[in-house]
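This structure is a prediction, so every number in the text was calculated from the model and none was measured. Per chain, numbering begins at 1; letters A, B, ... match sequence-line order.
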Number of protein chains: 2
Amino acid sequence: MSQGNSAVTVQVQARAASAGVEGTASDDHERTACTVLQVLERVSGKWAIGILLECAQATRRFTELERSVKGISRRMLTLTLRNLERDGLLVRTVYPTVPPKVEYTATPMAVELYESLASLAMWAERHRSAIADARSEYDRKATAPTA
Amino acid sequence: MSQGNSAVTVQVQARAASAGVEGTASDDHERTACTVLQVLERVSGKWAIGILLECAQATRRFTELERSVKGISRRMLTLTLRNLERDGLLVRTVYPTVPPKVEYTATPMAVELYESLASLAMWAERHRSAIADARSEYDRKATAPTA
DNA sequence: CCGTATCCGACCGGATACTG
DNA sequence: CAGTATCCGGTCGGATACGG
């Protein structure tokens, strides 16, 4: 999700976040949709979850994350870290030593989030093959329609 | 998440998916991360959840969705619908009448997914204000650093 | 009614180079 | 060690127009 998250604006989703706004949602499920979307947008992006996972286990240093979240670039690590910090999911601690030392720790809120994520993971686990089958089937029919 | 969903592949993810492979993952959380990411990518995009929500309630017609999922364009409705169908989350039924009539129904799998999503929604609900506060605080400090 | 095709802007994320 | 700055491609998604 997500590339459009700053320009989005379309409807409920994105905007509600800033202060405490939420008024617009009419139906019940729309509020749910909105809320879920907000969470999803928060943990979206290729790296947020990987980082959250590492930090949820224990406090991590910048370079430690750079190594353990394999494939991530310096840039994206910094960006994702900043966003997670901004949302109060990570705490950043700077030790003004030389060389510098910065630690990131998951907040209790983030740990809770991870637990919720586990529910999603279980769903995926249960339906992994069903989804794979559905895809193959769909692609097969789409690729060779007339046969 | 997601714009990078085809190129993703970076690390753990890809290998585990295909059949039942999982051996390589060293730690436990890495496998979880991978799975969660896959789910997230599936329901990512601005519209998937909104559509899923509608269809989970009852079978919907194309135009009904176009109205209820407010803000969505025809193009994105079609695209998202196709993807959800491809993953076996929606069933598309065409009635070759005139005028045409097409119905979309959530599969049991999709309903289950929605239930898992509810867990996320609850998390967001619980921490909504905390996150809002964190953001305000962060932005305040970022905006007026020296003051 | 239910789409598909094309154009096009916005943003995410990678590579690389530079700094305190 | 821990970032920041810039360039740049790829993709998502909106607007619009056309077809069965």
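Helix-axis bend for the helix from dC1(C)-dG20(D) to dG20(C)-dC1(D): the local axis fitted to the five terminal pairs at one end deviates from that at the other end by 40°, rounded to 10°.
Here the side chain of Trp47(B) pairs no donor or acceptor atom with the backbone of Val69(B) at under 3.5 angstrom.
Once rounded to the nearest 0.5 Å, the distance linking OG1 of Thr59(A) with CD of Glu64(A) reads 9.5 Å. Interatomic distance, OG of Ser44(B) versus CD of Gln38(B), reported as 12.5 Å (0.5 Å rounding). With rounding to the nearest 0.5 Å, the separation of CD1 in Ile51(A) from CD in Glu66(A) is 10.5 Å.
The interatomic distance linking Glu85(B) (CD) with dG3(C) (C1') rounds to 13 Å, in whole Å. Protein atom CD1 of Ile49(A) is 12 Å distant from nucleotide atom P of dG13(C), rounded to whole Å. We find that CD of Glu41(A) is positioned 14 Å from C1' of dG13(D), with the value rounded to whole Å. Rounded to whole Å, the distance from CD1 on Ile72(B) to C1' on dG3(C) is 13 Å. Computed from coordinates, the Leu37(B) CG to dG13(C) P distance equals 11 Å when rounded to whole Å. Rounded to whole Å, the distance from CG on Leu77(A) to P on dG13(C) is 13 Å. Between the CD atom of Glu66(B) and the P atom of dG14(D) there is a distance of 13 Å, rounded to whole Å. Counting to the nearest Å, the C1' atom of dC1(C) and the OH atom of Tyr95(B) are 15 Å from each other.
Qualifying salt bridge (Lys or Arg N to Asp or Glu O under 4.0 Å) partners for Arg75(A), counting only residues two or more places apart in sequence or in other chains: none.
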request  = List the steps, then state whether salt bridge (charged side-chain N to carboxylate O under 4.0 Å, His left out) holds for Arg86(A) with Glu137(B).
outcome  = CA-CA 8 Å; Arg86(A) 188 171 107 101; Glu137(B) 182 66 2; over 6 Å; no

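A 4.5 Å side-chain heavy-atom check between Arg92(A) and Arg82(A) finds at least one atom pair inside the cut-off.
Arg60(A) has a carboxylate O that lies under 4.0 Å from a charged side-chain N of Glu54(A), or vice versa, which qualifies the two as a salt bridge.
Using modelled atom types, one finds no donor on one side chain facing an acceptor on the other under 3.5 Å when comparing Ser119(A) with Ser119(B).
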task = Sugar-phosphate atoms are those with a prime plus P, OP1 and OP2; base atoms are the rest. Using that split, label each nucleotide of nucleotides 2-8 of chain D B, S or - for protein heavy atoms under 4.0 Å, 5' to 3'.
result = BBB-B--

